[in-house]
Q: 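Got a structure for you, questions after.
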Amino acid sequence: MRLPSTTKTLLITTGTVAVGAALILLGSQGLPWTNQAEAGPRHSHNHSHEGLTWPPQPRGITNVVVHSDAKEEENERAIKKARMDGLAQKAERGILGLGNRFVRITEIDKDEKEDTEERDGNDQEERNARKVVKQVVFFSHDKNATVEVGFDGEDTIAAVTSTPASEYQPEITDEEIEAAQQLARKYFTAQGSKRIAGLRAYGILAYKPEGKGFFDTRIIYVSFHKHDDAPPELMAWVDLTNQRILQVREEL
């Protein structure tokens, strides 16, 4: 039923008056959450921490080491790095499979490795792998392979594995990027490129197209830019294993 406009106005006015009266009535009764003085601060924190350990620790915990001193943490990192450097040097001297051209990729504590990784080989190799508590990873350009050297708790070499480049390659190092960009610069300079001298080089590990895996050799994609945010002007695919340029491209 359609009401006349005067009737609608009367109903709205009446409703508004009724709501206002209800609010006045409730306010006169003193709602508990409207009196801030009685309610007190909403985020009060009154209990004392006196006698408690800081930072907080679970009850009954032992062997807690608190790293609150930045200098102390820096010293610990330096000690760990020195030890891992020593292991790497021991691996470089003791492993014939590295050849003369190789780069150290990383050092890994056993706790950082996945113990669930599958291993191929005989039982003796598996037993040696379980003894490993630290590992140094290399890429040998002479052998064209990733070489992983594992050490036991007495810093003795316990396991050595070599994986062909076609099956696995670790990430490239700054040293490898530098070597690749020098080869690329030499190539572009020989081709008469004058702008190469003023460009900055960047490098990444190259993979086969369409996610087909690793190349058979250590290939680095090098691009040359005017600055960090500029598009590449010169590009080269550099085979570090064989020390040659595979492909180049130039943006005019």
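Reckoned from all heavy atoms, side chains included, excluding hydrogens, waters and symmetry mates.
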Q: In the single-linkage hydrophobic clustering (I, L, V, M, F, W, Y; side-chain heavy atoms under 4.5 Å), do Ile157 and Val136 co-cluster?
A: yes
Q: Quiz question: by atom type and distance under 3.5 Å, do the side chains of Glu176 and His141 form a donor-acceptor pair?
A: yes
Q: Are the side chains of Phe224 and Arg195 in touch, meaning some heavy atoms are under 4.5 Å apart?
A: no
Q: Please tell me whether Asp239 and Thr217 have a donor and an acceptor in their side chains that are separated by less than 3.5 angstrom.
A: yes
Q: Does Glu178 reach the main-chain N or O of Asp174 with its side chain, forming a donor-acceptor pair under 3.5 Å?
A: no
Q: Looking at Phe214 versus Tyr207, is the centre-to-centre ring distance below 6.0 Å?
A: yes
Q: Work out which heavy atom in Ala230 is nearest to a heavy atom in Lys226; give both atom names and the distance.
A: CB-N, 4.1 Å
Q: Are Arg218 and Phe139 in a cation-pi setup, meaning NZ or CZ lies under 6.0 angstrom from the ring centre and within 45 degrees of the ring axis?
A: yes
Q: Fit a plane to each ring of Tyr221 and Trp237, take the angle between them on a 0 to 90° scale, and name the class: parallel (under 30°), tilted (30 to 60°) or perpendicular (over 60°).
A: tilted
Q: How close do Phe102 and Glu92 get, heavy atom to heavy atom, and via which atoms?
A: CE1-CG, 3.6 Å
Q: Quick check: does any side chain N or O of Thr156 sit under 3.5 Å from a backbone N or O of Asp152, one acting as donor and the other as acceptor?
A: no
Q: In Å, rounded to the nearest 0.5 Å, how long is the span from CG of Leu98 to CZ of Arg93?
A: 12.5 Å
Q: Between Ile219 and Val222, is there shared hydrophobic-cluster membership here, with clusters defined by ILVMFWY side-chain heavy atoms closer than 4.5 Å?
A: no
Q: Measure the CD-CD1 distance between Glu171 and Ile204 for me, rounded to the nearest 0.5 Å.
A: 9.0 Å
Q: Measure the spacing between CZ of Phe215 and OG1 of Thr241 and express it to the nearest 0.5 Å.
A: 12.0 Å
Q: Charged N to carboxylate O under 4.0 angstrom, Lys134 versus Glu107?
A: no
Q: Could you see if Val137 belongs to whatever hydrophobic cluster contains Leu205? Use Ile, Leu, Val, Met, Phe, Trp, Tyr and a side-chain cutoff under 4.5 Å.
A: no
Q: Judged by atom type as modelled, is there a donor-acceptor pair below 3.5 Å linking the side chain of Lys90 to the main-chain atoms of Asp155?
A: yes
Q: Applying side-chain contact (heavy atoms from CB on, under 4.5 Å), run through Thr173 and Ile105 and close with a yes or a no.
A: CA-CA 7 Å; Thr173 64; Ile105 305 296; 3.6 Å; yes
Q: Between Arg104 and Asp85, does at least one N-O distance fall below 4.0 Å, as a salt bridge requires?
A: yes
Q: Under 4.5 Å between any side-chain heavy atoms of Ile220 and Leu240, yes or no?
A: yes
Q: Side-chain heavy atoms nearer than 4.5 Å, only ILVMFWY residues, links allowed to pass through others: does that put Leu183 and Ile196 together?
A: yes
Q: Under the side chain to side chain contact (heavy atoms under 4.5 Å, CB included) test, which residues partner Asp142, sequence neighbours left out?
A: Asn100, Arg101, Ser140
Q: Is Lys131 salt-bridged to Glu154, cutoff N-O under 4.0 Å?
A: no
Q: Kindly give the heavy-atom pair with the smallest separation between Ala180 and Val238, and that separation in Å.
A: O-CG2, 3.7 Å
Q: To the closest 0.5 Å, what do you measure between OH (Tyr187) and CG (Leu234)?
A: 11.0 Å
Q: Is it true that Glu251 and Arg249 make a salt bridge, defined as a side-chain N closer than 4.0 Å to a carboxylate O?
A: yes
Q: Mind checking the OG-CD spacing from Ser223 to Glu233? Nearest 0.5 Å is all I need.
A: 11.0 Å
Q: Do Ile172 and Ile177 touch side chain to side chain, with heavy atoms closer than 4.5 Å?
A: yes
Q: Taking atom CZ of Phe138 and atom OG1 of Thr146, what is their separation to the nearest 0.5 Å?
A: 12.0 Å
Q: His225 and Pro231: which non-hydrogen atoms are nearest, and at how many Å?
A: ND1-C, 3.4 Å
Q: Quick test of your reading of the model: are Asp228 and Arg200 salt-bridged, counting only N-O distances below 4.0 Å?
A: yes
Q: Take atom NZ in Lys186; do more than 12 heavy atoms of anything else shown fall under 6.0 Å from it?
A: no
